[in-house]
Trainee: 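Sharing a structure here in structure tokens format.
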Number of protein chains: 4
Amino acid sequence: MHQSARSPKGRPGRPRSVETDHAILDATRAALVDVGWGGLTMGEVAARAGVAKTTLYRRWANKSELVVDAVAVLFDELELPDRGCLQSDIEGVVLQFGALLARPETKTALMAVVAESTTDDALRERIRSAIVDRQKRLVLLGRSRAQARGELPPDAGGPEGEEAAECTVGLIFDVIAGAVVHRLLVSAEPVDADWARQFTTLLLAGLAGLKP
Amino acid sequence: MHQSARSPKGRPGRPRSVETDHAILDATRAALVDVGWGGLTMGEVAARAGVAKTTLYRRWANKSELVVDAVAVLFDELELPDRGCLQSDIEGVVLQFGALLARPETKTALMAVVAESTTDDALRERIRSAIVDRQKRLVLLGRSRAQARGELPPDAGGPEGEEAAECTVGLIFDVIAGAVVHRLLVSAEPVDADWARQFTTLLLAGLAGLKP
Amino acid sequence: MHQSARSPKGRPGRPRSVETDHAILDATRAALVDVGWGGLTMGEVAARAGVAKTTLYRRWANKSELVVDAVAVLFDELELPDRGCLQSDIEGVVLQFGALLARPETKTALMAVVAESTTDDALRERIRSAIVDRQKRLVLLGRSRAQARGELPPDAGGPEGEEAAECTVGLIFDVIAGAVVHRLLVSAEPVDADWARQFTTLLLAGLAGLKP
Amino acid sequence: MHQSARSPKGRPGRPRSVETDHAILDATRAALVDVGWGGLTMGEVAARAGVAKTTLYRRWANKSELVVDAVAVLFDELELPDRGCLQSDIEGVVLQFGALLARPETKTALMAVVAESTTDDALRERIRSAIVDRQKRLVLLGRSRAQARGELPPDAGGPEGEEAAECTVGLIFDVIAGAVVHRLLVSAEPVDADWARQFTTLLLAGLAGLKP
DNA sequence: TCGTAACCGAGACGGTACGTCTCGTCTTGGA
DNA sequence: TCCAAGACGAGACGTACCGTCTCGGTTACGA
């Protein structure tokens, strides 16, 4: 998770409290809702969690890392619904992602830690491993499900085919996540069913035109 | 520009120095490069600009607004190159945008003010008017140029056609800007000629499939 | 006084508030009475003085220096009463000194800063110049007054006579101050008229036996 | 000694380690030399002694009590040399006391605990019983030895004579200890043979003039 | 010989104060 | 009226110790 795997056996001294861990992460999300990233302070989180500041710093080096861990779990709620066809599946996940990003703790926190990560490589890596890479599973799952349905051709064999597929996954991910984030946070307009349909149509048509 | 239109005529007292304005904005960008958004302080900017803090606060209410103005001008450098066909034109603008976002003062500042704007509506409006809306011109210009070349059909007449076109402009803008930003800042991978070509291909194929 | 003489003329910027100086020193003494040296915190002093902590640290580098300045002024209240004969004059000053050291802010602060000064030369020097050396005037005044009365012989001429006199002043000062402090703070017994008389008798007899 | 007499018999459970006791007191003195009273922490002492903080707190309630015990033993090294006459004997003990107070662990600790004791009666009592009262033996021994030599008259009989003698012992003790401490720690000048001779001369002449 | 009670190390824990930093406002004096 | 310099009240920062607690494990007595 955060600091270290810390072998459950043999570690001398009093072990860290797991309830404390949860209390802190819960308090972090609650505080984000109330005061936003800018108003979030370690002292406030500690007070809400009924915990000493020291206890926070023992686990996380700074605000950014704490918030990444606090928010990461929210993204794990995302899942690919099985609505019968690829278009519907993607629309479903786009709407879910939109709904997630509309929550105040998510939107304010996500952009802030991304901003912070532009000058902090360790933080970027943490964001990647805790949030971004975990959600690529959705793209992979969608593809394999569509292949099973016959909506997409099976992966090309051979190493160069694999590499191309890998590359396309990254592109799709950037397009989906980027478009949703940009519409919500920069353009400040809602991600509703209409927009999801229009966007997904564009994406699938684009993908169809990409390969040959 | 920033605080007030302040009529050039008739204002009593000593007028504000225009060199001071520029010195402050330059110092802001320079400081952003060195210390990032998180490390940027009004005092630091004032010191770099050889100016008193009071002078900053007389012009901008806070750090965010100052940074928006400091960064906005960079985005005006973007232009749509005329490379002869729509695909090339878009690739060119994507590469320009990627290069702009790769500059440290741009990427750190842009995400930070967007994050801040999630809890500050006035700031969001300022970002929109100073940065985002000004760049939609690129999409509009690209479309009309492509129409002139015959690569795209002319706009549908009538009000519903106009509305649909307006809506598509927003979608395209979100997809382009979102994908580039996400690739650079979240996925942390470069926006190079290969990626630009692949992305543009996807986009144009998607657009072709969107209309009918 | 404390930080610097700071030329009253020409210093740019807002000058420091003199009322603030006094409020802080008053608050320091009041807090010493209530909570003692060990319980004294910079934050508490600041709060009592209605002042920000920053304002304290702008003037004094730490608790010890602040307390030395706060307490020093109390010692200036001491004076040599003119009761007609040397014995009575000394008894008077001994009783005054005893009364001063019986005040809670004085006794707790004085020993604490002396203790701190054993590992801080700058602090020792500050104590010396702000407190100790200023009180040697009492010994000198007492001697000259006694000489005027004919109770003591005039100073021996010549440099070696002067040096011996100087040396004796130091001895007398150490004996008086040391005995009073030790009785009050270590032996924890009162400095009353009886004790003052007995002690002064010993001192004067000793001095009479010292010279020849 | 410190916490309890703890009957050597019958106490169930593992007995406390005596080496640990010594290691802690040694570590306390060593740490005092290095960092002084202000910088002394229980954690530091524990670390130096190779012991857990818990182990310290099982034995002493706080820093002051620990330091009193750590330093007290040093004062037991003092003894009254037999140099043949009272003046020489006193000079000898004054020099010894001066040398003891010149050691860094002694001077920093002694003043600090005295300062602390001004707001802590239990501590003052501990200092008295562990340090001060034990050294009055030197004054008593000196007096009886001088009486045996015929340098001083025998004690006056009767209860009022006894009381007066008792009172004089306190006065002498305060004068000697106070003067030495003051010279070393406040005046910051050395206690050397010259000063010891001058001071002792004053003291004995004073005593001679005190009685009749 | 075996329990049991107190010992011991390590370190987590809720607190408190530290001294520093930045904020945004204010008060000077000079231009 | 503007500007620079810098004092000011406010409050968060991250650190250091405090004294207490919970661990797992050790040591010596006495039943």
Side-chain angles (χ1 to χ4, degrees), chain A residues 6 9-17 20 38-47 49-63, chain B residues 11-17 20 38-47 49-63, chain C residues 6 9-17 20 38-47 49-63, chain D residues 6 9-17 20 39-47 49-63:
Chain A
R6 63 188 196 282
K9 270 296 185 69
R11 253 261 293 235
R14 176 173 169 180
R16 291 193 180 151
S17 158
T20 299
L40 188 74
T41 65
M42 296 297 262
E44 166 79 1
V45 171
V51 143
K53 266 197 304 171
T54 337
T55 303
L56 262 73
Y57 285 109
R58 225 172 264 126
R59 290 164 160 78
W60 294 276
N62 52 55
K63 188 161 93 163
Chain B
R11 254 256 293 234
R14 174 172 168 182
R16 289 190 184 153
S17 157
T20 299
L40 187 74
T41 67
M42 298 296 263
E44 167 78 4
V45 172
V51 143
K53 274 196 302 170
T54 330
T55 305
L56 262 72
Y57 284 109
R58 229 173 260 126
R59 290 165 160 78
W60 292 274
N62 53 53
K63 188 163 92 165
Chain C
R6 60 189 198 283
K9 270 295 185 70
R11 253 259 294 233
R14 177 174 168 179
R16 291 193 182 151
S17 159
T20 298
L40 188 73
T41 65
M42 298 296 263
E44 166 80 1
V45 172
V51 143
K53 269 197 303 170
T54 334
T55 304
L56 262 73
Y57 284 108
R58 225 173 262 125
R59 291 164 159 78
W60 294 276
N62 53 54
K63 188 162 94 164
Chain D
R6 64 186 196 284
K9 272 292 187 75
R11 253 261 290 239
R14 175 174 170 183
R16 290 189 182 153
S17 158
T20 298
L40 188 73
T41 67
M42 298 296 263
E44 166 79 2
V45 171
V51 144
K53 271 196 302 172
T54 332
T55 305
L56 262 74
Y57 284 108
R58 228 172 261 126
R59 291 164 159 80
W60 293 275
N62 53 54
K63 186 162 96 164

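Chain identifiers are assigned alphabetically (A, B, ...) following the order of the sequence lines, protein sequences preceding nucleic acid strands; residue numbering begins at 1 within each chain.
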Trainee: Tell me every residue that passes side-chain contact (heavy atoms from CB on, under 4.5 Å) with D:Thr41, counting only those two or more places apart in sequence or in another chain.
Mentor: D:Glu44
Trainee: Between A:Thr41 and C:Gly50, which residue's closest nucleotide on DNA chain F lies nearer the 5′ terminus?
Mentor: C:Gly50
Trainee: If only side-chain N and O atoms of A:Arg58 are considered, is one of them under 4.0 Å from the OP1 or OP2 phosphate oxygen of E:dC13?
Mentor: yes
Trainee: Here's a test of your reading of the structure: between A:Arg14 and D:Pro15, which maps to the more 5' nucleotide of DNA chain E?
Mentor: D:Pro15
Trainee: Does a distance-only test, which skips hydrogens and angles, find a donor-acceptor pair under 3.5 Å between the side chain of D:Lys53 and the base of F:dG19?
Mentor: yes
Trainee: Would you mind reading off the distance between B:Leu56 atom CG and E:dT25 atom C1', rounded to a whole angstrom?
Mentor: 14 Å
Trainee: Could one point to a donor on the side chain of D:Thr54 or the base of E:dG9 with an acceptor on the other under 3.5 Å away?
Mentor: no
Trainee: What's the CZ-P distance between B:Arg59 and F:dC2, to the nearest Å?
Mentor: 9 Å
Trainee: Please classify the nucleic acid contact of C:Ser17 as base, sugar-phosphate, or nothing, using heavy-atom distances under 4.0 Å.
Mentor: sugar-phosphate
Trainee: In whole angstrom, give the distance that lies between atom CG of A:Asn62 and atom P of F:dC13.
Mentor: 11 Å
Trainee: Indicate the atoms forming the closest heavy-atom contact of C:Asn62 with C:Met42, along with that distance.
Mentor: C-CE, 4.0 Å
Trainee: Between atom CG in A:Leu40 and atom C1' in F:dC13, what is the gap in whole Å?
Mentor: 13 Å
Trainee: Please report the closest heavy-atom contact between D:Arg16 and D:Arg58, naming both atoms and the distance.
Mentor: NH2-O, 3.3 Å
Trainee: Could you tell me which non-hydrogen atom of B:Lys63 sits nearest to which non-hydrogen atom of B:Gly38, and how far apart they are?
Mentor: NZ-O, 4.3 Å
Trainee: Is it the case that F:dA7 (base atoms only) and C:Thr20 (side chain only) share a donor and an acceptor within less than 3.5 Å, ignoring hydrogens and angles?
Mentor: no
Trainee: Taking the nucleotide of DNA chain E with the nearest heavy atom to each, does C:Glu44 or A:Thr55 sit closer to the 5' end?
Mentor: A:Thr55
Trainee: Using atom CE of C:Met42 as one end and atom P of E:dT20 as the other, report the distance to the nearest whole Å.
Mentor: 10 Å
Trainee: Expressed in angstrom and rounded to an integer, what is the separation of B:Tyr57 atom OH from E:dC26 atom C1'?
Mentor: 13 Å
Trainee: Tell me the interatomic distance from B:Lys63, atom NZ, to E:dT22, atom C1', rounded to whole angstroms.
Mentor: 9 Å
Trainee: Compare the minimum distances between each of F:dG9, E:dA10, E:dG15 and the side chain of A:Pro12, then state the nucleotide with the smallest one.
Mentor: E:dA10
Trainee: List the residues meeting side-chain contact (heavy atoms from CB on, under 4.5 Å) with A:Ala52, not counting sequence neighbours, and say none if there are none.
Mentor: A:Thr54, A:Thr55
